[in-house]
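Notes to accompany the following structure.
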Amino acid sequence: MSLGHDDWLRLAARMSSPRGLFVGGTFIDPADGTPMPVTSPRDGRVLAEVAAAGEKDVDRAVAAARRAFDEGPWPRLKPRERAKHLLRLAELVDRDADVLALSVSLEMGKPISDARNVELAALVNTLRWYAEAADKNAGEIPDAGPDALALVTREPAGVVAAVVPWNFPLTMAGWKLGPALAAGCTVVLKPAEQSPLSALHLARLAAEAGLPEGVLNVVNGPGEVTGRALGLHPGVDVVTFTGSTEVGRHFLRYAADSNLKRVWLELGGKSPNIILDDAPELGAAADTSAWGIFFNSGEMCTAPSRLVVHKSVADEVLERVVARAADFAPGDPLDPVTKMGPVVSEEHLGSVLSHVDVALEEGARVCIGGERVRVDSVAGGGSYLEPTVLDRVTPGMRVAREEIFGPVLSVLTFDTVEEAVALAADTEYGLAAAVWTRDLGRAHRISRALRAGTVWVNCYEEGDLSVPFGGTKLSGHGRDKSLHALEKFTDLKTTWIALP
Ligand code: NAD
């Protein structure tokens with residue numbers, strides 16, 4: 001039975017989470033970190049204080065992961081045995097999905113229905129998918145001639161630091177943990193400052209699932225301290241990072257300044273959504289534009305934040321987008337009918353609003369939204385923003401170039417297909433793009449012309465675990481999801497055997 005608003009409020013009042021650092025299979029107190037308050041953007045309330053890891057604590061976590069990798073059973077288990085552990089963890093996540101969804105909703109403001117049905121479903125599916133993938137990681141025997149045999153095997157790459165953001169805290173953790181653990185690596189997970197509680201609950205479940213000690217460690221803490229210490233640590237072999245381009249650059253520097261660890265980056269985006277005048281269903285294209293930018297309060301790396309629309313249909317599309325925006329009026333994230341909650345924090349709200357102010361100074365126009373709002377059913381002040389649509393945006397404006405990561409849509413118009421492609425391609429990012437047209441040849445040509453990890457045709461946000469996901473240019477490199485993700489966490493070893 002699905003829970004109602006009152007049920008979630010009651011559960012929230014009783015919620016308790018572990019607070020420590022999860023190292024070597026158990027929760028420990030920090031040696032040198034300063035405790036960190038967790039503030040809910042729902043109502044500005046401090047939910048808890050969690051332990052933060054300083055450098056000494058990061059040392060302890062990496063040492064535990066190192067021991068588990070160098071001496072423990074995990075990398076040496078049959079892949080099917082690792083799969084059993086991952087399946088058990090998936091089962092426990094499924095069992096505790098309500099509590100985990102509640103943690104996510106309270107800590108970063110995601111509507112509870114999305115937390116429960118999207119975020120938690122994604123984590124369970126990811127763990128199950130990679131459990132099944134664990135023994136599909138085959139090597140090769142190239143034809144090296146008659147006198148020797150060359151075996152190319154894939155070996156687990158070692159200790160992985162998984163540093164993740166707050167916007168999909170458990171989905172992102174799952175996209176890292178699933179393939180890394182399936183491949184036989186051990187992991188230190190570093191959640192974002194804004195979303196430590198759900199990760200601590202996941203750690204508790206890892207212990208209950210019987211993962212050998214040190215295989216998964218979870219350390220919360222500020223990026224500049226805990227994240228940095230992981231990035232610079234000589235005991236870490238691989239960093240898998242999802243977050244901003246700016247912090248992605250830091251990780252490349254940390255690697256260069258330490259042990260040249262491998263760094264995989266899934267970064268930001270400024271994705272164009274091109275609607276041509278022959279779009280098959282203009283209504284669907286417009287509805288998808290609205291959903292894409294307002295879902296998760298626009299805090300989605302692939303959000304179609306630039307609507308690039310043909311002038312002849314722009315008014316009709318815009319009218320429909322504005323009408324759809326009403327469905328996303330901000331509401332209490334704990335109410336199951338809410339489609340858009342707050343943005344993640346007061347600080348982030350300030351940053352989004354300042355982007356809107358600059359856009360207005362630069363000549364854009366607000367079609368709808370642009371103001372912070374109060375949600376009457378929530379006591380206290382939360383960080384809520386109206387769904388916002390800006391038109392008269394031109395390519396040089398900041399709102400057309402920078403990732404805002406909020407519910408703010410920038411509308412740009414064009415006359416010719418060439419102009420549309422030029423507008424869409426005019427970005428330093430390369431995560432995703434979409435094109436709406438009836439003409440398949442045109443769709444192919446536009447797709448080829450755009451440098452992006454994913455191009456959707458007549459849809460947006462289609463995805464499947466079997467399909468790789470990631471970016472190019474300032475959106476990073478490497479792929480999450482699919483069997484390709486296993487490549488990030490394995491090394492190729494060649495063994496030559498002489499055939500006398
Ligand atoms: P962020 O870069 O600020 O933080 C991400 C992680 O890095 C957090 O755990 C943080 O603590 C840590 N960090 C911050 N500063 C650090 C430093 N100096 N050294 C080491 N670690 C540090 O990103 P965010 O605000 O949490 O998330 C939003 C960003 O994530 C957006 O840019 C979004 O596009 C991106 N994102 C990308 C994808 C993708 O798959 N491409 C998916 C989700 C989010």
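Numbering of ligands and ligand atoms starts at 1, following listing order.
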Kindly check if the number of other-residue, nucleotide or ligand heavy atoms within 6.0 Å of [atom1] ([X]) is above 12?
{"X": "Glu49", "atom1": "CD", "answer": "yes"}
{"X": "Glu461", "atom1": "CD", "answer": "yes"}
{"X": "Glu208", "atom1": "CD", "answer": "yes"}
{"X": "Lys136", "atom1": "NZ", "answer": "yes"}

Ligand 1 contact on [X] by region, counting heavy-atom pairs under 4.0 Å:
{"X": "Glu246", "value": "neither"}
{"X": "Pro191", "value": "backbone"}
{"X": "Asp480", "value": "neither"}
{"X": "Thr302", "value": "neither"}
{"X": "Glu266", "value": "both"}

Original post:
Within 45 degrees of the axis of the six-membered ring of Tyr130 and under 6.0 Å from its centre: does Lys481 put its NZ or CZ there?
Top reply: no
**OP:** Answer yes or no on whether Lys270 is positioned over the face of Tyr429, meaning its NZ or CZ is under 6.0 Å from the six-membered ring centre and within 45° of the axis.
**Re:** no
Original post:
Is at least one protein non-hydrogen atom found at under 4.0 angstrom from atom 4 (O) of ligand 1?
Top reply: no
[X]: numbered ligand 1 atoms lying under 4.0 Å from its heavy atoms:
{"X": "Val163", "answer": "6 (C), 7 (O), 9 (O), 12 (C)"}
{"X": "Arg228", "answer": "19 (N), 20 (C)"}
{"X": "Leu267", "answer": "34 (O), 37 (C), 38 (C), 39 (C), 41 (N)"}
{"X": "Thr242", "answer": "5 (C), 36 (N), 37 (C), 38 (C), 39 (C), 40 (O), 42 (C), 43 (C), 44 (C)"}
{"X": "His250", "answer": "18 (N)"}
{"X": "Asn167", "answer": "43 (C), 44 (C)"}

**OP:** Give a yes/no on ligand 1: does Phe469 have at least one heavy atom closer than 4.0 angstrom to it?
**Re:** yes
Look at [atom] and say which protein heavy atom is nearest, naming residue and atom and giving the distance to 0.1 Å.
{"atom": "atom 9 (O) of ligand 1", "value": "Val164 O, 2.9 Å"}
{"atom": "atom 42 (C) of ligand 1", "value": "Cys301 SG, 3.0 Å"}
{"atom": "atom 27 (O) of ligand 1", "value": "Pro165 CB, 3.2 Å"}
{"atom": "atom 15 (N) of ligand 1", "value": "Val247 CG2, 3.5 Å"}
{"atom": "atom 24 (P) of ligand 1", "value": "Trp166 NE1, 3.3 Å"}
{"atom": "atom 35 (C) of ligand 1", "value": "Gly243 O, 3.2 Å"}

**OP:** Would you confirm whether the ring centroid of Trp175 sits within less than 6.0 angstrom of the ring centroid of Phe469?
**Re:** yes
Original post:
N/O of Glu193 under 3.5 Å from N/O of ligand 1, yes or no?
Top reply: yes
Subject >> Gln194 N/O to ligand 1 N/O under 3.5 Å >> reply: no
Would you tell me which option among [options] has the nearest heavy-atom contact to [atom]?
{"atom": "atom 17 (C) of ligand 1", "options": "Phe241, Phe405, Phe251, Tyr254", "answer": "Tyr254"}
{"atom": "atom 32 (O) of ligand 1", "options": "Lys481, Glu403, Glu299, Arg253", "answer": "Glu403"}
{"atom": "atom 23 (O) of ligand 1", "options": "Ser244, Gly227, Gly223", "answer": "Ser244"}

Original post:
Is any NZ, NE, NH1 or NH2 atom of the basic residue among Arg204 and Asp96 found under 4.0 Å from an Asp or Glu carboxylate oxygen of the other?
Top reply: no
Subject >> Lys/Arg N to Asp/Glu carboxylate O, Arg324 vs Asp287, below 4.0 Å >> reply: yes
Original post:
Do Arg372 and Glu346 have side chains that get closer than 4.5 Å, going by heavy atoms?
Top reply: yes
Original post:
Using the ring of each side chain (for Trp, its six-membered ring), is Phe295 parallel, tilted or perpendicular to Trp291, with breaks at 30° and 60°?
Top reply: parallel
**OP:** On the 0 to 90° scale, with breaks at 30° and 60°, tag the His348-Phe405 ring pair as parallel, tilted or perpendicular.
**Re:** perpendicular
Subject >> Stepwise salt bridge (Lys or Arg N to Asp or Glu O under 4.0 Å) check, Asp491 with Arg154 >> reply: CA-CA 6 Å; Asp491 283 325; Arg154 284 203 167 272; over 6 Å; no
Subject >> Donor-acceptor pair between Lys190 and Asn220 side chains, under 3.5 angstrom >> reply: no
